[in-house]
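What follows is one structure encoded as structure tokens, with my remarks underneath.
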Amino acid sequence: VIPLIRAMKYRIKLNRNQKKILNKWNDHYRYSYNKAISIINDECSELKNEKLSNQFREFNESNDLEKKANYNINYSAYTLRDMIVPKSCTEYIKWIDETPGPIRARAVFEAHDNYKTCIEKIKQKQIKFFHLKYKTKKDIRWTMNTSKDDTKVLRCDKCSNVGKIHTYKNDICTCKFIQKNKFTMFPKQNLGWIRTTENIKVDITKHDCKIHFDGKHYYIIVPYEKQ
């Protein structure tokens, strides 16, 4: 049986410094996403207007949508990442290195996923053409993808119970309850422990999560498997 992937949304309580860090990460996330979109759109435009223009004109005349869909850029998600994220590519924009590379890589992956989705829609004849849009700073609502590998929770070192800390007694692990409403990301970034308004009922480190801001409150969106 294939489990269904559902998601739970928990409101998180941030101090002033944590809000500043997350907002900065989102600004750099948006920059990386838009950079990837720019590369994709420019490459598609060059392919259509300059490279093999005669062949593409034949595709238009034949109205073969599936053939058009296969006429796309050859960049993989990881190739795009390597064109945008590494420090060798940010030599003139040092400020963006203040945001962890995995956060910016997730932005590139999101852009590539949106591109592949549009390609599939063309193959299924749901749309005839597309032009990927940029993220704008005017939109006060935003969502930022994060990796499960970079999310940490309070966990016992011995029995791996979440929300507890190991206490040693007579060679037996007797866990002392702490809290299940704390998590952090990238410990070296001085983000500190982030609290949620309620206990997190699912494993936050099993799937990639999202940080969402609705214009007023911050949330973490945690996927989980439902049998």
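Computed from heavy atoms alone, side chains included, the values below leave out hydrogens, waters and symmetry copies. All values derive from a computational prediction rather than experimental measurement.
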query = Any link between Leu80 and Ile96 through a network of hydrophobic side chains (Ile, Leu, Val, Met, Phe, Trp, Tyr) touching at under 4.5 Å?
reply =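 In one cluster with Leu80: Ile96, no.
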
inquiry  = Please say yes or no: joined through hydrophobic side-chain contacts below 4.5 Å, possibly via intermediate residues, are Phe213 and Tyr31 part of one cluster?
reply    =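 Cluster IDs for Phe213 and Tyr31 differ.
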
Would you kindly say whether [X] and [Y] are connected by a side-chain donor-acceptor distance under 3.5 Å?
| X | Y | result |
| --- | --- | --- |
| Tyr218 | Gln18 | no |
| Asn199 | Tyr10 | no |
| Tyr115 | Asn41 | no |

Under a 4.0 Å N-O cut-off, is there an ion pair linking [X] with [Y]?
| X | Y | value |
| --- | --- | --- |
| Lys148 | Asp203 | no |
| Lys137 | Asp27 | no |
| Glu110 | Lys135 | yes |

ask   = Phe109: which other cluster members, linking ILVMFWY side chains closer than 4.5 Å, directly or transitively?
value =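 Its cluster mates, by chain and number, are Tyr78.
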
request  = Any chance you could lay out the side-chain contact (heavy atoms from CB on, under 4.5 Å) test for Tyr224 and Met8, step after step, and finish with the verdict?
outcome  = CA-CA 8 Å; Tyr224 69 97; Met8 299 187 71; 3.3 Å; yes

Between [X] and [Y], which heavy-atom pair has the shortest distance, and what is it?
| X | Y | result |
| --- | --- | --- |
| Arg106 | Asn145 | CB-O, 3.6 Å |
| Asp82 | Cys89 | O-SG, 3.4 Å |
| Leu132 | Cys118 | CD2-SG, 3.8 Å |
| Tyr219 | Ile12 | N-CG1, 3.9 Å |
| Thr151 | Thr205 | O-CG2, 3.4 Å |
| Asp97 | Arg104 | OD1-NH2, 3.7 Å |

In Å, rounded to the nearest 0.5 Å, how long is the span from [atom1] of [X] to [atom2] of [Y]?
| X | Y | atom1 | atom2 | result |
| --- | --- | --- | --- | --- |
| Leu191 | Ile21 | CG | CD1 | 5.0 Å |
| Ile40 | Lys116 | CD1 | NZ | 10.0 Å |
| Lys35 | Met83 | NZ | CE | 8.0 Å |
| Ile211 | Thr143 | CD1 | OG1 | 10.0 Å |
| Lys13 | Arg11 | NZ | CZ | 8.5 Å |
| Cys209 | Ile200 | SG | CD1 | 8.0 Å |

key: Test applied, side-chain contact (heavy atoms from CB on, under 4.5 Å); reference residue, Lys9; option that passes from Ile221, Val222, Ile220   =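 Between Lys9 and the candidates, side-chain contact (heavy atoms from CB on, under 4.5 Å) is satisfied uniquely by Ile221.
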
request  = Report the residues that fulfil side chain to side chain contact (heavy atoms under 4.5 Å, CB included) with Asn190, sequence neighbours left out, ordered by chain and then residue number.
outcome  =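 Testing Asn190 for side chain to side chain contact (heavy atoms under 4.5 Å, CB included), a comparison that skips the adjacent residues, returns none.
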
ask   = Tyr33: what forms a side chain to side chain donor-acceptor pair (under 3.5 Å) with it, not counting sequence neighbours?
value =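 For Tyr33 the side chain to side chain donor-acceptor pair (under 3.5 Å) partners, ignoring immediate neighbours, are Asn114.
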
request  = Indicate yes or no for a side-chain donor-acceptor contact from Thr117 to the backbone of Asp113 under 3.5 Å, with no hydrogens or angles considered.
outcome  =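 A pair under 3.5 Å: yes.
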
query = Heavy-atom count around Lys206 NZ within 6.0 Å, excluding the residue itself: above 12?
reply =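 No, not enclosed.
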
